[in-house]
Amino acid sequence: MPHRVGQQVQCDLPQQRGVARYRGGRWIGGDPDARRGVTAPGERVRLGGQWFVVTGILAPNELAPELGTAARVGWPQATARLGADGTAAMVYLRAHPERVPDVQTVAGATADPGNPSTVAVSRPSDLYTARAETKNSLTGLVLALATVALLVGGVGIANTMVVGVMERRGEVGLRRALGARGGQIAVQFLIEAVLMGLIGGVGGLFLGGLAVYGYALAQGWPASIPLYTVLAGPLVSVLVAAVAGIYPALRAARVSPTDALRSA
C-alpha cells in the first residue's frame, strides 16, 4: 500500500520483497536480487522486480523513524511501475508545535471528509515521549537491580573475608611473630578482597555479554555492548570489594600475635 509523503510515496513492498534500509550499510532484505548495500546516492536498488536509482538518503528523524527504514518512490513512478492505486494510506504533516492540537483536530476530516472517524490521527512526538519514558523506567529498574546486586556482593565479600581472618588466625599470628607489621597484614587481606571482586566483575561481565548476545541472536537483532560498560563493570566491582574488605583487613591487622598463636 503506498503512503504519500509530501510529493513522494513511501512504498511498503510485499513481505517477500522486504524493506529498503539506507543507513549504515544495511540491506534490502527478502529478494536475493535486491540485496545491494546502499550507502550513497547514485546507486541502484531493485524494488518490486524493477531497478531504481537512489537520488538521496534522508537523515534520521527520531519523531518518525519509519521514514528512514523504507524506500520512497515518486508518486508517478509508484503508480506507473509499482501498482500504486493512487490513494494514500498514510499522510505525514509537519506543523508548528503550538498548532499541533488544532491540526490534530481537523486532520481526520481533511484527509477523508466523508468518513473522518475512520482516520487515525497520532502524533509521533507522543510516541517518542512514551518511548523515552519507558526507556528511562527500564534504565532506572536495571540500575536499581545492579545496586542491589553490588550491595549483596559487597556483603558477601565482607563475610567471606571475616571468616577467612578467623580461620587464618594462626597464619596471621605467625607472620606477626616473624616481624610482619599490621599494615602489611591489612594490605594482604585487602588485595585478596580486591582480587575476589575483580574475578566476580569479569565473570559477571562475561556471563552478561553471553546473555545479551544469545538473546539478540535468538530474536534476530543486532547486539552491541558499549565500551564504557566493559570498563565500568569490573572497575565498580573492584571498588565495592575494596570497600567491603576494609573492615576484615583492619580486623586482621589488629590480631595479637600471642592470642593468635595460642588459639591456633
Side-chain angles (χ1 to χ4, degrees), residues 62 65 127-264:
E62 292 183 342
L127 299 176
Y128 178 74
T129 301
R131 184 176 62 181
E133 292 177 352
T134 302
K135 181 179 179 181
N136 292 336
S137 299
L138 291 176
T139 301
L141 177 62
V142 171
L143 289 177
L145 293 176
T147 301
V148 173
L150 288 174
L151 290 176
V152 172
V155 171
I157 291 176
N159 289 337
T160 301
M161 295 305 299
V162 168
V163 173
V165 171
M166 296 177 62
E167 292 180 348
R168 296 163 62 185
R169 288 176 61 87
E171 174 190 341
V172 174
L174 179 60
R175 291 194 59 194
R176 291 295 305 275
L178 294 177
R181 295 188 295 272
Q184 294 174 324
I185 301 296
V187 169
Q188 174 189 346
F189 280 90
L190 190 60
I191 290 176
E192 292 178 3
V194 169
L195 290 176
M196 190 181 302
L198 179 61
I199 293 173
V202 173
L205 179 63
F206 178 73
L207 293 178
L210 286 180
V212 169
Y213 280 100
Y215 184 79
L217 181 62
Q219 297 294 327
W221 298 342
S224 63
I225 299 179
L227 180 60
Y228 70 88
T229 60
V230 177
L231 300 177
L235 179 60
V236 172
S237 299
V238 167
L239 292 177
V240 172
V243 173
I246 290 178
Y247 171 72
L250 294 177
R251 182 171 179 174
R254 291 195 295 264
V255 171
S256 171
T258 304
D259 296 339
L261 292 175
R262 185 183 300 115
S263 60

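Reckoned from all heavy atoms, side chains included, excluding hydrogens, waters and symmetry mates. Numbers for residues simply follow the sequence, beginning at 1.
Across every non-hydrogen atom of Ala186 and Ala249, the tightest pair is O-CB, 3.3 Å. Closest heavy-atom contact between Gly182 and Ala253: O-CB, 3.1 Å. Annotation for Ala180 and Gln184: closest pair CA-OE1, 3.4 Å, computed over non-hydrogen atoms.
Taking the ring-ring contact (aromatic ring centres under 6.0 Å, His included) definition, one finds that Phe206 meets it with nothing, sequence neighbours left out. In this view, Thr139 and Lys135, Leu143 satisfy the side-chain contact (heavy atoms from CB on, under 4.5 Å) rule, not counting sequence neighbours. Applying the salt bridge (charged side-chain N to carboxylate O under 4.0 Å, His left out) criterion to Arg176, with sequence neighbours excluded, gives no partner residue.
Residue pairs meeting the salt bridge (Lys or Arg N to Asp or Glu O under 4.0 Å) criterion with at least one partner in residues 189-215, sequence neighbours excluded, are Arg168-Glu192. Within the structure, no pair that satisfies the salt bridge (Lys or Arg N to Asp or Glu O under 4.0 Å) test touches residues 234-249, not counting sequence neighbours.
In this structure, CG in Leu145 is found 11.0 Å from CG in Leu150, a value given to the nearest 0.5 Å. Distance check: Leu217 CG to Leu210 CG gives 11.5 Å after rounding to the nearest 0.5 Å.
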Expected list for residues 223-247: side-chain donor-acceptor pairs under 3.5 angstrom, two or more places apart:
from: Thr229; atom 1: OG1; to: Pro226; atom 2: O; distance (Å): 2.5
from: Ser237; atom 1: OG; to: Gly233; atom 2: O; distance (Å): 3.0

